[in-house]
There are 2 protein chains.
Amino acid sequence: MKILEQITQQFDAFSKSEKKVAQVILNNPQNAIHSSIATLANLAEVSEPTVNRFCRRLNTKGFPDFKLHLAQSLASGTPYVNRNVDENDGPAEYTNKIFESTMAALETARQSVDINAINRVVDLLTQANKISFFGLGASASVAQDALNKFFRFNVPVVYFEDIVMQRMSTMNSTDGDVVVLISHTGRTKSLVEIAQIARSNHAVVVGITAKDSPLGRECSYVLSLDVAEDTDMYMPMASRIAQLALIDILATGFTLRRGNRFRENLKRVKESLKDSRFSIK
Amino acid sequence: MKILEQITQQFDAFSKSEKKVAQVILNNPQNAIHSSIATLANLAEVSEPTVNRFCRRLNTKGFPDFKLHLAQSLASGTPYVNRNVDENDGPAEYTNKIFESTMAALETARQSVDINAINRVVDLLTQANKISFFGLGASASVAQDALNKFFRFNVPVVYFEDIVMQRMSTMNSTDGDVVVLISHTGRTKSLVEIAQIARSNHAVVVGITAKDSPLGRECSYVLSLDVAEDTDMYMPMASRIAQLALIDILATGFTLRRGNRFRENLKRVKESLKDSRFSIK
DNA sequence: TCAATTTTGTAGTAAAATTACAACTTTTAA
DNA sequence: TTAAAAGTTGTAATTTTACTACAAAATTGA
């Protein structure tokens with residue numbers, strides 16, 4: 001079992017040609033299991049018996065048996081581990097690590113999320129007169145994504161990149177309005193100010209942020225996501241993907257609350273995009 | 001996927017001999033994957049072509065392909081299943097379903113992604129004079145996110161929401177420039193035009209899109225992600241999260257290629273944000 | 001009951017994997 | 001440094017495995 005790891009582990013012990021084979025398989029295992037020995041030998045630029053010998057070296061009966069093991073290895077549910085990227089990693093390593101750590105982040109987010117809070121926020125959103133989404137830096141794109149989703153619901157929804165516009169917009173908010181503020185750390189000064197302005201105007205402030213943070217403390221409701229970032233990369237990665245998943249959840253809750261007839265409307269919005277697209281032949 | 005369940009489900013629809021084959025496989029699937037078509041036919045007391053036809057009936061390419069599917073099906077529990085949201089789902093259900101289907105989407109994306117292509121694109125990006133990221137609709141926020149990441153690298157990077165600005169910017173592109181176009185379906189007309197303009201200016205066009213699509217065909221390099229969307233929701237969800245993970249991967253590859261000294265630079269960018277934030281007490 | 005359809009098997013063919021062996025490399029010890 | 005030994009790799013032939021075409025048998029329905 002775990003033939004892929006076995007290949008990585010034994011890699012140095014392989015001969016020159018066997019390394020070529022290993023590389024091809026590691027690069028695209030999904031492709032490998034659907035190839036014949038001939039095509040794989042071609043890809044690796046070695047002869048067919050070399051591929052066969054490679055398979056035997058990994059304690060399999062031969063090439064077809066090896067493919068079976070590989071297929072199982074690919075399907076088996078590895079619990080995702082948050083493995084940080086290392087500076088010596090090649091493309092195969094960092095690609096897999098990022099996918100895995102992203103999945104791991106989503107899993108922790110799922111476990112940490114407060115479903116009651118989600119339910120209450122969905123409630124508020126369905127009843128809102130106007131919804132605003134604000135975020136800065138990496139969270140700006142999350143806010144923009146939220147705009148894109150909620151815009152389809154035919155609800156008054158607002159998003160600005162510009163902090164001055166954000167302030168002006170918030171100044172005009174009233175009760176019945178919901179302001180959603182997105183920040184991983186919850187320490188972005190200008191968003192905290194927005195929260196204060198919104199609250200003084202009796203708007204509901206929802207934070208997608210850390211619970212115990214300056215921003216979190218200013219919010220009426222906080223949806224927190226305990227997501228660990230790979231701090232070596234100095235970039236927000238997993239956090240904003242978890243935020244997006246949360247946006248998806250809010251949007252889904254919203255449509256479900258609005259009922260079936262409402263989803264017909266969504267379908268229409270989607271169909272209206274047809275003209276801007278090439279049809280499938 | 002889940003070929004064993006499929007066999008059980010369709011059992012009644014099978015013919016007499018096919019039922020014999022199904023029975024033998026269900027009785028001892030572990031044995032089945034290690035048998036040749038001849039031995040399996042013997043066990044089921046049918047002819048070899050019958051076994052072959054049985055495999056085809058289950059949407060596989062033939063006997064070896066069937067064994068592959070069976071092997072994957074047998075490999076202990078696929079962790080996350082893409083369970084679509086149901087209109088009777090409560091908050092707990094839809095929250096978990098969205099997290100799970102997002103993780104499932106990332107897993108399929110991970111398996112489908114072409115690492116060699118990633119490596120080549122990272123190469124191109126590190127050598128580019130100017131990098132542009134364009135997307136529309138749901139992919140616009142992905143493009144914006146890419147801007148946010150690559151901006152930190154102190155590389156000339158461009159992003160516009162406005163299609164007119166996108167065109168104007170692309171008109172001025174030259175060789176040495178890389179244009180990254182993001183679209184799930186690959187059928188957005190205006191992006192296809194951008195791709196054509198870019199190519200006629202000898203810029204490299206990278207598509208984060210479906211391989212076999214109008215946009216995909218116009219690109220110099222395509223990074224495709226086989227991600228299944230819950231079409232009942234009429235919203236892009238999993239697809240853009242996979243796209244974001246891919247952006248993370250490209251950004252990571254970029255920093256690794258640039259080496260250690262370069263990452264010091266990233267650290268400085270991050271530290272420069274301090275003033276806009278509340279400090280941790 | 002007999003024609004039409006479906007199912008199944010036989011025999012031949014094609015493809016894929018494996019084996020045997022020879023040529024080429026690399027290592028090692030004189 | 002060199003020549004034998006050990007190890008690695010590829011070519012060609014062989015064997016195994018899977019697939020196709022077609023014909024026979026069984027089933028269905030009028």
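Just so it is clear: chains get the letters A, B, ... in the order the sequence lines come, proteins before strands, and each one is counted from 1.
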Worksheet item: Is there a side-chain polar atom (N or O) of B/S15 under 4.0 Å from OP1 or OP2 of C/dT6?
Response: no

Worksheet entry | Partners meeting ring pair (Phe, Tyr, Trp, His ring centres under 6.0 Å) with B/Y94 (sequence neighbours left out) | none

Item to complete: Give, for atom NZ of B/K97 and atom OG1 of B/T102, the distance between the pair rounded to the nearest 0.5 Å.
Response: 13.5 Å

Practice prompt. Anything under 30° is parallel, anything over 60° is perpendicular, the rest tilted; go ahead and classify B/H34 against A/H69.
Written response: tilted

Worksheet, complete the sentence: Rounded to the nearest 0.5 Å, the CD1 atom of A/I33 sits from the CZ atom of A/F66 at a distance of 10.0 Å

Discussion item. Once you measure the plane-to-plane angle for B/F150 and B/F254, does it fall in the parallel (<30°), tilted (30-60°) or perpendicular (>60°) bin?
Written reply: perpendicular

Under 3.5 Å, which N/O atoms of the protein pair with N/O atoms of nucleotides 24-29 of chain D?
residue	atom	partner	partner atom	Å
D/dT27	OP1	B/K16	NZ	3.0

Worksheet item: Counting N and O atoms only, with roles assigned by atom type, does the side chain of B/S112 sit under 3.5 Å from a partner on the main chain of B/A109, one being a donor and the other an acceptor?
Response: yes

Item to complete: Any chance you could list the contact pattern along nucleotides 10-21 of chain D? Use B for base contacts, S for sugar-phosphate-only contacts and - for none, protein heavy atoms under 4.0 Å, 5' to 3'.
Response: BB------BSB-

Worksheet item: Are B/S173 and B/T170 linked by a side-chain donor-acceptor pair shorter than 3.5 Å?
Response: no

Practice prompt. Measure the shortest side-chain to side-chain distance between B/L246 and B/L225 over non-hydrogen atoms and say whether it is less than 4.5 angstrom.
Written response: yes

